[in-house]
Chemist: 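This is the structure I want to talk about, given as structure tokens.
Note that these values count all heavy atoms, side chains included, but never hydrogens, waters or copies made by symmetry. Note that the structure is a prediction, hence the values are computed from the model and not measured.
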Amino acid sequence: MAYLSAPLAVMALNCRGLNIPERRTHLLRELRKKRISIAMLQETHFLEGSAPKLRNRQYPNNFFSNHPTTRKAGVAIVLAAELDFKELDKVTDKLGRFLFLKGTIADRMYTLASIYVPNKNQARFLRRTMSKLSGFSEGTLVVGGDLNAPLNPQMDTSTGHCCMPISSIHSIRKSMGNLGLVDCWRVLNPDVKDYTHYSALHNRYSRIDYILIQQEGLSRLKKAAIDPAT
């Protein structure tokens with residue numbers, strides 16, 4: 001019950017592979033240093049059936065969705081021990097693209113979703129995934145993920161545009177809107193440009209990594225930041 005009056009610190013991170021032991025150790029150390037309560041990870045690159053351990057005393061309760069045949073994709077949700085999280089249900093993707101987790105923290109129901117969207121057909125993937133999440137979700141919904149798409153190209157890219165058709169961007173926004181999801185960072189930084197990804201091919205910075213919550217949870221949102229990747 002340690003978190004009844006303390007804030008939940010949620011992080012979304014594209015790890016670009018965690019099969020090297022030193023990277024897992026460094027990640028867990030950084031989570032502790034930043035006092036992260038819930039980490040939603042993408043691109044763990046763990047292989048189903050032979051995934052390495054990603055836990056320690058501070059982060060013992062972790063959940064994974066791994067690729068069945070190759071070390072690519074993969075998502076995870078890492079929870080701090082102090083949360084006293086009680087799992088009720090979960091859904092994993094057969095290709096390691098999403099993980100839905102439902103349970104209670106301090107007697108309050110939460111649904112957590114870590115999502116790694118492919119770099120093609122993003123709108124179609126998110127439409128299907130959000131539909132599945134809608135049927136699963138209960139309580140406070142928190143989504144963290146690499147969407148491989150800027151929700152607002154004018155503000156979320158250094159060039160003011162992206163290569164995706166505007167109809168696809170609108171479809172992605174609609175999928176989010178159907179669940180009442182809003183972009184935490186943008187809500188608190190409406191006029192700021194900052195980025196989470198650089199494409200050498202397009203010579204463009206973009207913000208494609210997001211933490212999303214439902215509108216009714218905005219009153220509990222205190223801070224949102226983009227930290228340097230280390």
Side-chain angles (χ1 to χ4, degrees), residues 1-67 71 73-93 96-116 138-146 184-185 188 196 209-213 217 220-230:
M1 300 298 180
Y3 277 83
L4 274 172
S5 58
L8 291 174
V10 181
M11 181 181 76
L13 177 67
N14 185 311
C15 304
R16 294 174 175 82
L18 287 173
N19 283 294
I20 299 173
E22 289 78 9
R23 299 194 72 175
R24 299 194 299 275
T25 299
H26 180 74
L27 171 64
L28 292 171
R29 187 185 301 123
E30 284 293 301
L31 296 183
R32 185 62 175 175
K33 180 180 177 181
K34 295 178 182 294
R35 298 185 177 181
I36 299 298
S37 315
I38 301 168
M40 311 219 188
L41 310 179
Q42 297 82 46
E43 282 204 89
T44 57
H45 294 178
F46 291 166
L47 180 64
E48 185 65 31
S50 61
K53 294 181 179 179
L54 179 64
R55 66 174 181 266
N56 60 12
R57 184 168 55 87
Q58 290 80 29
Y59 295 93
N61 303 313
N62 307 321
F63 303 84
F64 304 90
S65 179
N66 304 321
H67 197 280
R71 287 184 170 86
V75 295
I77 297 176
V78 176
L79 304 175
E82 294 93 337
L83 283 182
D84 190 28
F85 179 81
K86 293 181 174 59
E87 177 191 356
L88 296 177
D89 199 3
K90 69 177 179 180
V91 174
T92 60
D93 175 48
R97 289 284 178 178
F98 64 76
L99 168 63
F100 305 157
L101 180 63
K102 183 161 52 182
T104 59
I105 301 171
D107 299 322
R108 173 177 284 178
M109 180 74 74
Y110 284 85
T111 298
L112 311 173
S114 181
I115 299 173
Y116 177 48
E138 290 184 64
T140 299
L141 174 60
V142 183
V143 178
D146 180 344
C184 290
W185 188 84
L188 298 183
T196 62
D209 303 275
Y210 294 88
I211 295 176
L212 309 164
I213 62 173
R220 301 197 297 273
L221 178 63
K222 304 303 181 184
K223 180 183 177 182
I226 297 175
D227 287 346
T230 60

Chemist: Specify whether Phe64 and Phe46 have parallel, tilted or perpendicular ring planes, treating 30° as the upper limit for parallel and 60° as the lower limit for perpendicular.
Modeler: tilted
Chemist: Roughly how far, to the nearest 0.5 Å, is CD of Glu48 from CZ of Arg71?
Modeler: 12.0 Å
Chemist: Mind checking ring pair (Phe, Tyr, Trp, His ring centres under 6.0 Å) for Phe98 and listing every partner two or more places apart, or none if nothing turns up?
Modeler: Phe100
Chemist: Checking side-chain contact (heavy atoms from CB on, under 4.5 Å) against Thr111, which of Thr140, Val142, Leu88, Leu141 comes through?
Modeler: Leu141
Chemist: According to salt bridge (charged side-chain N to carboxylate O under 4.0 Å, His left out), who are the partners of Glu138, at least two apart in sequence or on a separate chain?
Modeler: Lys102
Chemist: Just by modelled atom types, is the Leu54 backbone N or O under 3.5 Å from a matching donor or acceptor in the Asn62 side chain?
Modeler: yes
Chemist: Roughly how far, to the nearest 0.5 Å, is CD1 of Ile211 from CE of Met11?
Modeler: 8.5 Å
Chemist: Can you measure from CD1 (Ile77) to CG (Leu112) and round to the nearest 0.5 angstrom?
Modeler: 5.0 Å
Chemist: Just by modelled atom types, is the Leu99 backbone N or O under 3.5 Å from a matching donor or acceptor in the Ser114 side chain?
Modeler: no
Chemist: Which residue, Glu30, Arg24, Arg23, forms the side-chain contact (heavy atoms from CB on, under 4.5 Å) with His26?
Modeler: Glu30
Chemist: Any side-chain heavy atom of Val78 within less than 4.5 Å of one from Leu27?
Modeler: no
Chemist: When rounded to the nearest 0.5 angstrom, what is the spacing between CZ in Arg29 and CD in Glu22?
Modeler: 10.0 Å
Chemist: Give the intermediate values and the outcome of side-chain contact (heavy atoms from CB on, under 4.5 Å) for residues Tyr116 and Asn14.
Modeler: CA-CA 8 Å; Tyr116 177 48; Asn14 185 311; 4.0 Å; yes
Chemist: Could you report the tightest heavy-atom contact between Gln42 and Ile115, atom names first, then the distance?
Modeler: CG-O, 3.3 Å
Chemist: Report the residues that fulfil side-chain contact (heavy atoms from CB on, under 4.5 Å) with Ile226, sequence neighbours left out, ordered by chain and then residue number.
Modeler: Trp185, Asp194, Thr196, Arg207
Chemist: Are any non-hydrogen side-chain atoms of Asn56 and Arg32 less than 4.5 angstrom apart?
Modeler: no
Chemist: Output, in order, the C-alpha distance, side-chain angles, deciding distance and verdict of side-chain contact (heavy atoms from CB on, under 4.5 Å) for Phe85 and Leu101.
Modeler: CA-CA 11 Å; Phe85 179 81; Leu101 180 63; 3.7 Å; yes
Chemist: Report yes if some heavy atom in the side chain of Ile213 is under 4.5 Å from a heavy atom in the side chain of Val10; otherwise report no.
Modeler: no
Chemist: Tell me if a side-chain donor or acceptor on Tyr59 pairs with a main-chain N or O of Ile36 at a distance below 3.5 Å.
Modeler: yes
Chemist: Any chance you could measure Leu8, atom CG, to Glu82, atom CD, to the nearest 0.5 Å?
Modeler: 11.5 Å
Chemist: Restricting to non-hydrogen atoms, name the atom on Leu41 and the atom on Thr44 that form the minimum distance, rounded to 0.1 Å.
Modeler: CB-CG2, 4.2 Å
Chemist: Considering non-hydrogen atoms only, spot the tightest contact between Arg55 and Pro60 and give its length.
Modeler: CD-O, 3.8 Å
Chemist: So does Arg220 have more than 12 non-hydrogen atoms from other groups sitting under 6.0 Å from CZ?
Modeler: yes
Chemist: Measuring from Met40:CE to Leu79:CG, what's the distance to the nearest 0.5 Å?
Modeler: 8.5 Å
Chemist: For Gly96 versus Ala73, what's the shortest heavy-atom pair and its separation?
Modeler: O-CB, 3.8 Å
Chemist: Looking only at non-hydrogen atoms, find the nearest pair between Ser37 and Pro7 and report the distance.
Modeler: OG-O, 4.1 Å
Chemist: Which residue, Asn19, Asn66, Ile20, forms the side-chain contact (heavy atoms from CB on, under 4.5 Å) with His45?
Modeler: Asn19
